[in-house]
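This report concerns only the one structure given below.
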Amino acid sequence: MATVRSSRKSLKICCGVTAILLVILVIVITTLSLTIFKPKQPQITAHPIGLGNISFGGFPNVTMNVTVRMFVTIDNRNYGSFKYRNTTAYVNYRGETIGEVAIEQDLVPARGKVNITTSADLQADKLIWNPNFLSDVEAGSLNLTSTANLHGKVTVLRIFNLHARALSTCYISVWINPQKVDTKCKSKIRLV
């Protein structure tokens, strides 16, 4: 009878210790997921580095295409790496798509940076024929918007693989008189 009581007492102690350890584990995991492992928005900066091909089409359908070489930096501030697939970013001027930027697949390491060299193929004729183009040139600047939607996987601690989508919007101001370009990018990452 004494052995039954001692085995029950041992079972109660074991269950109590297990319950306490599970509660501590849940608290630690919740705290880490809300602080350290909470997804942070990657920082994306785009810098045009020069003009490439400029081509003109003849009359009656006048066309003009320009290739702008760009240098894009993605700074991943998360504790998980992000591997994204090939995608295309679109450049808009006053709501109309005037260009495309090809972005090749890559891996952005955890807490690391990746530099991408790419080019934007702009249909300058769409830009020039826009009714607001002349007034923007007279005002001294053209405001463009670039949007990209990167689909891929986030790997946390080399254990957890989650599908994610990074949305990036860059506001590009092309200043006519000082001939410079300012960019400001915002990005969001969503776990899918």
Side-chain angles (χ1 to χ4, degrees), residues 38-56 63-154 164-192:
K38 181 180 178 184
K40 297 171 187 76
Q41 307 312 329
Q43 293 178 334
I44 300 173
T45 54
H47 305 286
I49 55 175
L51 294 177
N53 301 327
I54 299 175
S55 62
F56 295 95
T63 60
M64 184 170 106
N65 295 322
V66 177
T67 301
V68 179
R69 291 189 306 273
M70 299 183 72
F71 185 74
V72 180
T73 301
I74 301 173
D75 183 6
N76 183 7
R77 304 175 301 152
N78 293 296
Y79 285 91
S81 61
F82 179 57
K83 183 174 184 177
Y84 60 88
R85 300 187 296 254
N86 290 341
T87 191
T88 302
Y90 297 95
V91 180
N92 299 304
Y93 173 69
R94 296 206 176 246
E96 184 176 6
T97 301
I98 62 164
E100 297 180 354
V101 181
I103 301 174
E104 292 185 15
Q105 69 181 16
D106 205 347
L107 172 74
V108 183
R111 314 269 312 157
K113 288 184 181 182
V114 168
N115 296 318
I116 302 168
T117 303
T118 187
S119 59
D121 295 321
L122 303 178
Q123 299 170 348
D125 53 333
K126 285 186 177 181
L127 180 72
I128 293 169
W129 294 113
N130 189 297
N132 299 303
F133 177 73
L134 289 177
S135 61
D136 286 346
V137 169
E138 288 174 4
S141 70
L142 299 173
N143 295 315
L144 308 173
T145 306
S146 172
T147 55
N149 193 350
L150 303 171
H151 292 274
K153 280 186 186 176
V154 173
R165 187 172 70 171
L167 306 167
S168 172
T169 304
C170 292
Y171 303 98
I172 305 164
S173 296
V174 180
W175 299 96
I176 308 291
N177 194 8
Q179 293 184 354
K180 70 175 191 169
V181 177
D182 292 330
T183 60
K184 183 177 181 182
C185 297
K186 292 183 180 181
S187 55
K188 264 185 195 176
I189 192 162
R190 293 184 184 161
L191 299 177
V192 183

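Everything quoted here is computed from the prediction, not taken from an experiment. The basis for the numbers below is simple: all heavy atoms, side chains too, and nothing from hydrogens, waters or symmetry mates. The residues of the chain are indexed from 1 along the displayed sequence.
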Quick one: side chains of residues 100-117, donor-acceptor pairs under 3.5 Å with protein atoms, not counting sequence neighbours, listed by atom name and distance.
residue : atom : partner : partner atom : Å
R111    : NH1  : R77     : O            : 2.9
N115    : OD1  : T73     : OG1          : 3.0

| remark: For T147, the side-chain contact (heavy atoms from CB on, under 4.5 Å) test, sequence neighbours excluded, returns Y90, N92, T145, T169
| query | What salt bridge (charged side-chain N to carboxylate O under 4.0 Å, His left out) pairs are there with at least one residue in residues 80-95, not counting sequence neighbours? | reply | R94-D136
| note | Rounded to the nearest 0.5 angstrom, the NZ-OG1 distance for K126 and T97 is 6.5 Å
| note | Sorted by chain and number, sequence neighbours left out, side-chain hydrogen bond (donor to acceptor under 3.5 Å, both in side chains) with D75 holds for none
| Partners meeting side-chain hydrogen bond (donor to acceptor under 3.5 Å, both in side chains) with D121 (sequence neighbours left out) | T67
| What heavy-atom pair brings T87 and N149 nearest, and what distance separates the two atoms? | OG1-O, 3.1 Å
| For N132, what residues pass the side-chain hydrogen bond (donor to acceptor under 3.5 Å, both in side chains) criterion, not counting sequence neighbours? | N130
| What pairs meet the side-chain hydrogen bond (donor to acceptor under 3.5 Å, both in side chains) rule with one or both residues in residues 182-192, with sequence neighbours excluded? | W175-D182
| Pairs in or reaching into residues 145-154: which pass salt bridge (charged side-chain N to carboxylate O under 4.0 Å, His left out), with residues at least two apart or in two chains? | none
| remark: d(C185 SG, I172 CD1) to nearest 0.5 Å is 7.0 Å
| said: Taking the side chain as everything from C-beta on, heavy atoms only, tell me whether F82 gets closer than 4.5 Å to L150. | reply: yes
| said: Tell me every residue that passes side-chain hydrogen bond (donor to acceptor under 3.5 Å, both in side chains) with S173, counting only those two or more places apart in sequence or in another chain. | reply: N143
| request: Please test L122 against Y93 for side chain to side chain contact (heavy atoms under 4.5 Å, CB included), starting from the C-alpha separation and ending with a verdict. | output: CA-CA 11 Å; L122 303 178; Y93 173 69; over 6 Å; no
